[in-house]
Amino acid sequence: MKPARVRFAPSPTGHMHLGSARTALYDYLFARQTGGQFILRIEDTDQKRYVEGAEQELLDGLHWLGLEWDEGPDKGGEYGPYRQSERKEIYQRYARKLVESGHAFYCFCTHEHLQKVREEQIRNKETTKYDGTCRDISLEEADRRIRNGENHVVRFKTPKTGTTTVHDLLRGEIVVENSSLDDSILVKSDGLALYHLAAPVDDHLMEITHVLRGSEWLPTFPLHSLIHKAFGWQEPVWVHLSVFLKPSGKGKMSKREASDLAKDGKSIFIKDLRELGYLPEAVINWIALMGWSYDDHTEFFLLDDLVEKFSLEKLNPSPAAINFTKFDYFNGLHIRNLSIPDLTDRIHPFFVEKGYKPDREKLEQIAPIIQERLQTLDDAPELAGFMFEDDVVINPAELIAKNTTQAESFTILKEIHQVLLQLPQINHETAEPPMRELVEKLGYKPGQIFGILRVAVTGRLVSPPLFETMEIIGKEKVISRIEDAIKMLESYT
RNA sequence: GCCCCCAUCGUCUAGUGGCCCAGGACGGAGCCCUCUCAAGGCUCAAACAGGGGUUCGAGUCCCCUUGGGGGCACCA
């Protein structure tokens, strides 16, 4: 396979979300797979929509996901600059070429005129488009008016008749009537290029071989293709990725809906996912499979597997609804795939966040017994935080085992106390056999006996495996908690 | 309104004319395992949007309808 040059070209206008992350992922995979380059280009030609910090968030997001780029605004490269706001003169030069070759024209129409035309078209139930007022102004006259300081933009001179055929890798040929196309603006009156000009020019100059972008670009795809043709450039391979739909499948996620997700511990924004306890590995695995598949039985992928197995041909052109439930599943899968030291490192900040002061050694003992119980890293403190607490809060009613009376449970608890007290230390090997014997001796169900012990030691009905938990807490604390529980049960009415 | 794209279980999908009375995964139901919760194992329910063609044969090709999505800015 020939080395591909692929670009991820986000605009710094908001938070990086799942859709752009997936585009970046596919870009990365294809570049790495072919031994080519993954290029980061910031499309910030619209200063009005520019959001402070958005570019940094993009870089952070890509780093977190492990999608390292080869050329970009922070890394440099032979094809820079990689920020479109720094390429203004380049676009102007190419716009001029287009005008001189008759593929574009200067337009002096005012907003008022344009507005009037549009309103009239709406009134007549016609398609709203540029009326062509300045289309045939000679270059000489246009230059004169420009020298006189007249406000102007550059528009593409779209053919009025015939059809334009474009080729998308996933959809094949798309044929559109040129009459349905507009004379789109390429350069604004402030001299800055619009996406329609900037992207084709950059893609050509940066020698991009494959353009992977969202399907929202499909309507303007013919324009972009026409621009390449007007310059006489070879077009890149075009791949329009499907969009992500909200979980219901009904439309794209609105800003409001996106922020509402946070209440459920979900988010479509990459920056949120980390603190919600999701693994970058899980994000990668999950989004890779929304619009791409490998075969009908492999679903667990690490980034390197994907580099090897990815293929443009298996991309799916239909829109996909975001399924957070499956995301949780993948997150659990990847948590279970982590080594204990790695898991320990990753859950550490979540304990700190909750106000615990976990020491590394103890946390590393805890990690293996909660590993298969975690859906997100964020679950860890809730599951095991009590192991760092001096005292647990016990609800005495919970000390009474199912199908026993208070007196019976009280007796059981005292028996448990006696058995454990005699052990030199408490762990899985030393404590389980005698406890099983006790179960036999007293004639209750294991669940009843262990249930009482669980509540006494952990203060909760649900916990990691009992014996491992007691080992970590230590005999001294276990015994004292049981003694507290005995007192509590004795006086409970 | 106009233009464009898409269409298999609730969701993500496999399927490129016979291997499909449609396979996998998540989720759901049930069972097993079991000290709770998980994890794991097994089983079950669950789909080719509709109608026309083409063909010996259509989920797979073509057309229409319907549904869904996207776009119609001096935004990207």
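In what follows, every chain begins at residue 1, and chains take the letters A, B, ... in the order their sequences are listed.
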By the 4.0 Å heavy-atom rule, please label A:Thr127 as base, sugar-phosphate, or nothing.
sugar-phosphate
Looking at every strand, decide which applies to A:Gly214 at a 4.0 Å heavy-atom threshold: base, sugar-phosphate, or nothing.
nothing
Nearest of B:A76, B:G69, B:U36 to any side-chain atom of A:Lys250?
B:G69
Consider the side chain of A:Pro465, meaning its heavy atoms from C-beta on, and name the nucleotide among B:C35, B:A39, B:G69 that approaches it most closely.
B:C35
Verify the contact: side-chain N or O of A:Ser242 to OP1 or OP2 of B:C6, cut-off strictly under 4.0 Å; return yes or no.
no
Suppose we define a pair by two distances each less than 3.5 Å, Watson-Crick or G-U wobble; what does B:G27 pair with here?
none
Map A:Asp182 and A:Phe330 onto RNA chain B by nearest heavy atom, then report which one ends up closer to the 5' terminus.
A:Phe330
Indicate whether any N or O donor in one side chain lies under 3.5 Å from an N or O acceptor in the other, for A:Ser254 and A:Glu257.
yes
Regarding A:Asp202 and A:Tyr82, is there a side-chain donor-to-acceptor distance under 3.5 Å anywhere?
no
Donor-acceptor pair under 3.5 Å: do we get one between A:Ser189's side chain and the base of B:C74?
yes
If the P atom of B:G52 is compared with that of B:A58, how far apart are they to the nearest Å?
13 Å
Nucleotide of B:C74, B:C5, B:C35 approaching A:Ile185 most closely (side-chain heavy atoms):
B:C74
Taking only side-chain N and O atoms of A:Tyr195, does any of them lie within less than 4.0 angstrom of OP1 or OP2 on B:A76?
no
Just checking A:Val176: base, sugar-phosphate only, or nothing, at a heavy-atom cut-off of under 4.0 Å?
sugar-phosphate
For A:Arg171 and for A:Leu245, locate the closest nucleotide of RNA chain B by heavy-atom distance; then report the residue assigned to the nucleotide nearer the 5' terminus.
A:Arg171
Taking atom C1' in both B:C20 and B:G1, compute the distance separating them and give it to the nearest angstrom.
43 Å
What contact category does A:Gly332 fall into here, base, sugar-phosphate, or nothing, at under 4.0 angstrom with non-hydrogen atoms?
nothing
Could you measure between the two P atoms, the one in B:G68 and the one in B:C32, and give it in whole Å?
45 Å
Out of B:C4, B:U13, B:A76, minimum distance to the side chain of A:Ser11 belongs to B:A76
When you compare B:C6 with B:A25, how far apart are their C1' atoms, in angstrom units rounded to a whole number?
23 Å
Which nucleotide in B:A39, B:C12, B:A25 has an atom nearest any side-chain atom of A:Tyr329:
B:A25
At under 4.0 Å between heavy atoms, what does A:Ile174 touch on the DNA or RNA strands: base, sugar-phosphate, or nothing?
sugar-phosphate
Rounded to the nearest angstrom, tell me the gap between atom CZ in A:Phe221 and atom C1' in B:C4.
12 Å
Pairing partner of B:U66 (Watson-Crick or G-U wobble, both distances under 3.5 Å):
B:A7
Suppose you measure atom C1' in B:G50 against the same atom in B:U66; what distance do you get, rounded to whole Å?
7 Å
Roughly, in whole Å, what's the span from CH2 in A:Trp217 to P in B:A76?
7 Å
Please work out if A:Pro222 contacts a base, only the sugar-phosphate, or nothing of the nucleic acid, heavy-atom cut-off 4.0 Å.
nothing
Hey, does A:Thr298 reach any base, or is it just sugar-phosphate, or nothing, if we go heavy atoms under 4.0 Å?
nothing
When you check the phosphate oxygens OP1 and OP2 of B:C75, does a side-chain N or O of A:Lys48 lie under 4.0 Å from one of them?
yes
Could you check whether the side chain of A:Arg373 and the base of B:C37 have a donor-acceptor pair of N or O atoms closer than 3.5 Å, going by distance alone?
yes
Without decimals, in angstroms, what is the distance between A:Asp183 CG and B:C72 P?
17 Å
Verify whether one side chain among A:Thr430 and A:Gln425 offers a donor that lies under 3.5 Å from an acceptor in the other.
no
As a test of reading the structure: which of B:A39, B:C12, B:C35 is closest to the side chain of A:Lys326, going by heavy atoms?
B:C12
At under 4.0 Å, does any side-chain N or O of A:Arg336 touch on OP1 or OP2 of B:G40?
yes
Pairing partner (Watson-Crick or G-U wobble, both distances under 3.5 angstrom) of B:A38:
none
Could you give the CD-to-P distance, from A:Glu440 to B:C35, as a whole number of Å?
12 Å
In whole Å, what is the span from the CD atom of A:Glu372 to the P atom of B:U34?
15 Å
For a side-chain hydrogen bond (donor to acceptor under 3.5 Å, both in side chains) check, start with the C-alpha distance between A:Ser184 and A:Asp182, then their side-chain angles and the critical distance, and finish with the verdict.
CA-CA 5 Å; A:Ser184 301; A:Asp182 204 355; 5.6 Å; no
Below 30° counts as parallel, above 60° as perpendicular, anything between as tilted: where do the rings of A:Phe221 and A:His240 land?
tilted
With the stacking rule set at 5.5 Å and 30°, tell me whether A:His111 counts as stacking on B:C74.
yes
How about A:Asp378 and A:Tyr278: does a side-chain donor come under 3.5 Å of a side-chain acceptor?
no
Once you measure the plane-to-plane angle for A:Phe330 and A:His334, does it fall in the parallel (<30°), tilted (30-60°) or perpendicular (>60°) bin?
tilted
Looking at A:Asn323, I'd like to know whether one of its side-chain N or O atoms comes within less than 4.0 Å of OP1 or OP2 on B:A25.
no
Are side-chain N/O atoms of A:Asp379 and A:Thr376 paired as donor and acceptor at under 3.5 Å?
yes
Does the side chain of A:Lys314 get closer than 4.0 angstrom to OP1 or OP2 of B:G15 through an N or O atom?
yes
Parallel, tilted or perpendicular: which fits the ring planes of A:Phe467 and A:Phe450, with parallel below 30° and perpendicular above 60°?
perpendicular
For the pair made of CG in A:Leu374 and C1' in B:C37, what is the distance, rounded to whole Å?
12 Å
Report the distance from atom NZ of A:Lys125 to atom C1' of B:G1, rounded to the nearest whole Å.
8 Å
At under 4.0 Å between heavy atoms, what does A:Leu466 touch on the DNA or RNA strands: base, sugar-phosphate, or nothing?
base
Rounded distance in Å between the P positions of B:G23 and B:A49:
16 Å
Regarding the side chain of A:Glu216, the nearest nucleotide among B:G70, B:C74, B:U36 is B:G70
Is there a side-chain polar atom (N or O) of A:Lys188 under 4.0 Å from OP1 or OP2 of B:C75?
yes
Can you tell me if A:Lys252 touches the phosphate of B:G71, counting only side-chain N or O atoms and a distance under 4.0 Å to OP1 or OP2?
yes
Of the nucleotides B:C26, B:C35, B:C4, which has the atom closest to the A:Arg454 side chain?
B:C35
Please give the distance between the P atoms of B:C62 and B:G41 as a whole number of Å.
41 Å
A:Phe108 ring centre to A:Arg145 NZ or CZ under 6.0 Å, with the angle to the axis within 45°?
yes
Output the rounded distance in Å from CH2 (A:Trp292) to P (B:G15).
12 Å
Nearest-nucleotide pick for A:Val243, side chain only, options being B:G69, B:A76, B:A38:
B:G69
Considering only B:C37, B:A76, B:C74, which nucleotide approaches the side chain of A:Val462 most closely?
B:C37
Does a nitrogen or oxygen in the side chain of A:Arg436 sit under 4.0 Å from OP1 or OP2 of B:C35?
yes
Which whole number of Å gives the distance between the P atom of B:U36 and that of B:U43?
24 Å
